[in-house]
Structure formats: structure tokens, C-alpha cells
Amino acid sequence: PIQLKKNRIFWGNPGTGKSTVAEIFGKVLKALGLLSNGEVILKTAGDFIGSAVGESQNKAAVILQLSKGKVLAIDEAYNLDDQTYGKQVLDTIVEKVSGQASEDIAIVMAGYEKEMRKMLREQNAGLSSRFDPTSAFNFADYDVHALLRIFQVR
């Protein structure tokens with residue numbers, strides 16, 4: 001059997017298809033029986049951040065619970081790279097999501113490569129074991145020819 005990591009990093013600029021690929025990823029994981037639902041829940045880093053101590057951890061735990069069986073896609077995840085509330089969110093994700101094949105959840109962290117690498121390096125050491133940067137998907141910007149093909153198909 002092929003080992004498939006469900007937790008992934010998608011890096012690239014806005015508008016390069018990260019959310020669309022997350023939806024396809026969810027359908028594939030569902031079809032393979034690796035997720036019970038396969039739907040995608042789109043969140044931004046700001047959806048996790050609370051205004052008081054402990055609120056970010058609680059929000060993260062609730063979002064993770066609601067994402068069971070699904071793909072949780074966190075756009076602009078690098079905005080969690082701080083020493084207060086964002087760190088609490090990342091610590092909660094590391095605590096609650098081990099990345100084991102038996103877990104009924106997949107998490108996609110999306111954002112700019114440089115900022116995401118910094119976050120993985122400087123935050124909780126467990127992040128890199130759950131979101132392996134060596135297997136990240138890189139979404140390149142579309143060139144003029146690709147944009148023309150997209151326009152013609154639509």
C-alpha cells in the first residue's frame with residue numbers, strides 16, 4: 001500500500017487554484033476511503049483567532065471537531081505565525097492532529113512559501129512532522145498562455 005499523507009501544505013500566490021485543488025483532494029480522499037465525508041471547510045487564519053487568552057485554543061478545537069471527516073483548508077495560514085494567539089492555534093492543531101492514516105481529518109495549510117517555511121521552522125516543532133514541507137504542493141502563477149486557455153474554455 002502507498003502511504004498517503006492527508007495533511008498538506010499548498011504554497012503559492014492568491015488565484016493559483018489552491019482552494020480548487022483542496023476540493024479535488026477531498027473528493028479523492030473520500031473515494032479512497034481515507035475520509036468519511038470529503039467536503040472542504042475553508043477557513044482563514046483569522047477565523048481561529050480569539051480576543052482573549054484561551055479563546056483561540058477553544059476556536060481551534062471547535063473548528064477541528066467540525067472538520068471531522070473533511071478537509072480543513074486554512075488559507076493564509078502563515079498569519080498564525082506569532083507568539084500569542086496564532087501560536088496557541090498551531091499548538092492546538094499539533095496536539096489534536098497527529099497525521100496518522102487512521103485519523104478522519106485532513107488539513108491543508110495554504111499561503112506564501114517563504115512565510116510558511118518560516119512558520120514551520122519557528123513555531124511548534126511538531127508542525128513539520130504533521131505538515132512535511134518536502135512534500136508541499138507548489139502552485140505557480142499562470143502565464144499569459146495558460147490564462148488565455150482558461151479564458152477560451154470558459
Side-chain angles (χ1 to χ4, degrees), residues 1-50 56-83 85-143 146-147 150:
I2 297 171
Q3 293 294 324
L4 177 68
K5 295 180 181 178
K6 293 186 280 188
N7 298 330
R8 293 293 184 158
I9 298 172
F10 288 5
W11 40 49
N13 290 326
T16 53
K18 296 182 298 294
S19 297
T20 301
V21 172
E23 291 178 16
I24 295 167
F25 188 52
K27 290 176 184 176
V28 168
L29 292 176
K30 167 73 170 137
L32 292 172
L34 299 173
L35 288 179
S36 61
N37 183 306
E39 292 177 25
V40 175
I41 296 178
L42 295 172
K43 297 289 184 184
T44 65
D47 294 323
F48 290 86
I49 302 300
S56 295
Q57 293 153 310
N58 291 337
K59 281 185 166 190
V62 168
I63 291 170
L64 289 170
Q65 184 60 39
L66 293 172
S67 300
K68 291 291 183 189
K70 303 173 184 174
V71 175
L72 171 60
I74 307 170
D75 197 19
E76 301 175 352
Y78 55 84
N79 284 323
L80 296 170
D81 186 17
D82 66 28
Q83 294 305 313
Y85 300 127
K87 180 171 179 37
Q88 293 171 6
V89 171
L90 294 172
D91 289 347
T92 301
I93 290 171
V94 168
E95 174 190 338
K96 304 236 180 246
V97 179
S98 67
Q100 298 298 314
S102 60
E103 283 185 319
D104 194 20
I105 188 172
I107 300 176
V108 171
M109 288 198 184
Y112 299 113
E113 180 177 0
K114 180 180 175 185
E115 290 83 349
M116 295 289 287
R117 283 188 183 277
K118 178 183 176 294
M119 180 184 75
L120 291 169
R121 188 176 53 251
E122 295 179 0
Q123 289 294 333
N124 189 309
L127 273 177
S128 288
S129 67
R130 286 153 180 83
F131 301 91
D132 182 5
T134 63
S135 64
F137 291 113
N138 183 34
F139 290 77
D141 291 336
Y142 294 109
D143 62 19
L147 289 173
I150 292 168

Please report the shortest heavy-atom distance between [X] and [Y], naming the atom on each side.
X      : Y     : result
Met116 : Trp11 : CB-CE3, 3.7 Å
Gln88  : Ser56 : OE1-CB, 3.9 Å
Arg8   : Lys5  : NE-O, 3.0 Å
Met119 : Ala77 : SD-O, 3.4 Å

Fill in: Residues that Glu76 engages under salt bridge (charged side-chain N to carboxylate O under 4.0 Å, His left out), provided they are two or more places apart
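Residues passing salt bridge (charged side-chain N to carboxylate O under 4.0 Å, His left out) with Glu76: none at all.
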Atom [atom1] in [X], atom [atom2] in [Y]: separation rounded to 0.5 Å?
X      : Y      : atom1 : atom2 : result
Ser36  : Leu29  : OG    : CG    : 11.0 Å
Ile74  : Asn79  : CD1   : CG    : 11.5 Å
Arg130 : Leu90  : CZ    : CG    : 11.5 Å
Lys43  : Ile107 : NZ    : CD1   : 13.0 Å
Ile49  : Tyr85  : CD1   : OH    : 9.0 Å
Leu35  : Ile105 : CG    : CD1   : 8.5 Å

Practice prompt. Sequence neighbours left out, what passes ring pair (Phe, Tyr, Trp, His ring centres under 6.0 Å) with Tyr112? Give chain and number order.
Written response: Tyr78
Worksheet item: What residues, two or more places apart in sequence or in another chain, satisfy ring pair (Phe, Tyr, Trp, His ring centres under 6.0 Å) together with Phe48?
Response: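 Phe48 satisfies ring pair (Phe, Tyr, Trp, His ring centres under 6.0 Å) with no other residue.
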Using distance only, find each side-chain donor-acceptor pair of residues 65-72 under 3.5 Å and give its atom names and separation, not counting sequence neighbours.
unit_1: Ser67; atom_1: OG; unit_2: Ile63; atom_2: O; d: 2.7

Item to complete: Test Arg117 against Glu113 for side-chain contact (heavy atoms from CB on, under 4.5 Å), laying out the working first.
Response: CA-CA 6 Å; Arg117 283 188 183 277; Glu113 180 177 0; 3.0 Å; yes
Discussion item. Does any part of the side chain of Leu127, heavy atoms only, come nearer than 4.5 Å to the side chain of Met109, both counted from C-beta?
Written reply: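 Contact flag for Met109/Leu127 side chains = yes.
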Worksheet item: Given Val40 and Val108, is the side-chain contact (heavy atoms from CB on, under 4.5 Å) satisfied, shown in steps?
Response: CA-CA 10 Å; Val40 175; Val108 171; over 6 Å; no
Fill in: Stepwise side-chain contact (heavy atoms from CB on, under 4.5 Å) check, Val89 with Thr92
CA-CA 5 Å; Val89 171; Thr92 301; 5.7 Å; no
Fill in: Summary of side-chain hydrogen bond (donor to acceptor under 3.5 Å, both in side chains) pairs that have at least one residue in residues 119-128, sequence neighbours excluded
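Listed by first then second residue: Asp81-Gln123, Asp91-Asn124, Lys118-Glu122.
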Check: residues 134-143 side-chain donor-acceptor pairs under 3.5 Å, at least two apart:
unit_1: Thr134; atom_1: OG1; unit_2: Asp132; atom_2: OD1; d: 2.7
unit_1: Thr134; atom_1: OG1; unit_2: Asp132; atom_2: OD2; d: 2.8
unit_1: Ser135; atom_1: OG; unit_2: Asp132; atom_2: O; d: 3.2
unit_1: Asp141; atom_1: OD1; unit_2: Asn13; atom_2: ND2; d: 3.0
unit_1: Asp141; atom_1: OD2; unit_2: Asn13; atom_2: ND2; d: 2.9
unit_1: Asp143; atom_1: OD1; unit_2: His145; atom_2: N; d: 3.2
unit_1: Asp143; atom_1: OD1; unit_2: Ala146; atom_2: N; d: 2.7

